[in-house]
Amino acid sequence: MATALYTHPDCLGHLTPEGHSERADRLRAIWKALEAPEFDALDRREAPMAERSELLRAHPEAHVAAVEAAIPSEGSVALDADTHVMAGSLTAALRGVGAVVTALDAVMAREVGNAFCAIRPPGHHAEKTAPMGFCLFGNVSIAAKRALDHHGLERVAIVDFDVHHGNGTQDLLWDEARVLFCSTHQMPLYPGSGEARETGAHGNILNAPLPPGADGAAFRRVMEAQVLPALEEFRPELVLISAGFDAHKDDPLAQLELGIEDFVWVTEALCDLADRHAGGRLVSTLEGGYDLEALAASTAAHVKVLMERSG
Ligand SMILES: [Zn+2]
């Protein structure tokens, strides 16, 4: 089976202010990298816009209505210090959610072996009732909820190796015993949450913070000592990845020292996990990554592993 690539030109229409890290060029850099001949076998699909009901799987009506109401017809509106919306932002965000839930459906239907969603805005900082940290809706959490409530799965794992803590995913799934959420991230760093003692209402959250300067060996040690054993014990029926590439050593927003080989390593480990417990079912979605060259190369390496492992 092939690896699906879900994306959409509308994701460029979320225009952030001049100089903002989370910019449309991120997606253009990824698309360019994925044009190389080695990616010819990707099953390229347009991301549909998510139904409003999908957003409501993870967010209350009031949050969805507040984001909709905040969208200006012209100019840009700041929802917090980092998070801006303009006319194209809602459509972009709905394409993002639509990508992840449709990728989930395709993987569940065995149309494709696994999938990567090249989308923006990202999602893992969006809390139940608060857009935050460049994010409007909890893309990966919505997909997890759909996997449980629509597809009837009982155990879904989310692994977030973005350099920032997935506070939004943690907030949305704090009391969801059917999800194991594992996050590696730099601490201290934005948004400030993600201490090891934050374990969820049912012990369903595993935070593995790393100090500034931690390198790939330190990342692999914490994955091997804590994250992978917990995932193994959980036996997920589906693996979702919040794939942020801002732990790369060249990223300007953080101070971890990962290299492309570390993203390859963790992707292989998560594909192994999916093979053992989930029939290979895995959906990965883009979160952060702000050095265009490192982002494009890391994403390409990640997708290459997914293609090699899509069965
Ligand atoms: Zn990040």
Side-chain angles (χ1 to χ4, degrees), residues 11 14 16 19-27 29-30 79-84 92-93 96 100 116-127 130-141 158-173 181-195 198 205 207-216 218-219 222-223 227 240-260 262-263 266-267 270 284-299 301-302:
C11 291
H14 170 58
T16 46
H20 196 284
S21 300
E22 202 296 283
R23 58 210 191 273
D25 281 349
R26 299 178 59 237
L27 210 47
I30 289 171
L79 304 182
D80 71 12
D82 309 301
T83 315
H84 305 264
V100 187
F116 181 73
C117 302
I119 56 166
R120 58 181 291 280
H124 74 150
H125 293 308
E127 298 193 336
M132 195 173 150
F134 318 158
C135 303
L136 301 180
F137 303 117
N139 305 330
V140 80
S141 298
I158 302 175
V159 181
D160 183 332
F161 56 73
D162 188 281
V163 80
H164 302 96
H165 178 234
N167 63 292
T169 309
Q170 172 165 302
D171 180 56
L172 294 170
L173 301 172
F181 172 54
C182 301
S183 177
T184 56
H185 44 270
Q186 178 180 320
M187 179 168 269
L189 187 66
Y190 180 91
S193 55
E195 293 184 28
E198 299 164 25
I205 290 171
N207 284 311
L210 293 158
D215 61 6
F219 170 73
V222 82
M223 287 295 299
V227 177
L240 301 175
I241 303 178
S242 267
F245 298 100
D246 41 9
H248 190 283
K249 54 183 176 295
D250 293 341
D251 197 276
L253 295 198
Q255 293 80 42
L256 291 193
E257 300 287 328
L258 270 59
I260 289 170
D262 300 306
F263 295 121
V266 72
T267 307
L270 296 176
S284 175
T285 186
L286 182 67
E287 300 284 0
Y290 303 101
D291 178 86
L292 295 185
E293 203 168 311
L295 170 66
S298 301
T299 304
H302 174 68

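For ligands, and for the atoms within them, numbers begin at 1 and follow the listed sequence. These numbers come from the heavy atoms of this one structure, side chains and all, not from hydrogens, waters or symmetry mates. These numbers come from a predicted model, not from an experiment.
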Taking the Zn ion (ligand 1) as the vertex, how big is the angle to OD2 in Asp246 and ND1 in His164, rounded to 10°?
100°
Hey, are the side chains of Asp246 and Glu287 touching, using non-hydrogen atoms and a 4.5 Å cut-off?
no
Strictly under 2.8 Å, is any N, O or S atom of Asp162 next to the Zn ion (ligand 1)?
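Under 2.8 Å: Asp162 contacts the Zn ion (ligand 1) through an N, O or S atom.
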Using a distance threshold of 2.8 Å, state whether an N, O or S atom of His124 lies below it from the Zn ion (ligand 1).
no
Exactly one of His125, His124, His165 should register a ring-ring contact (aromatic ring centres under 6.0 Å, His included) with Tyr190. Which one does?
His125
State yes or no: are the ring centers of Phe161 and Phe263 separated by less than 6.0 Å?
yes
Once rounded to the nearest 0.5 Å, what's the spacing between atom CG of Asp82 and atom OG1 of Thr16?
11.0 Å
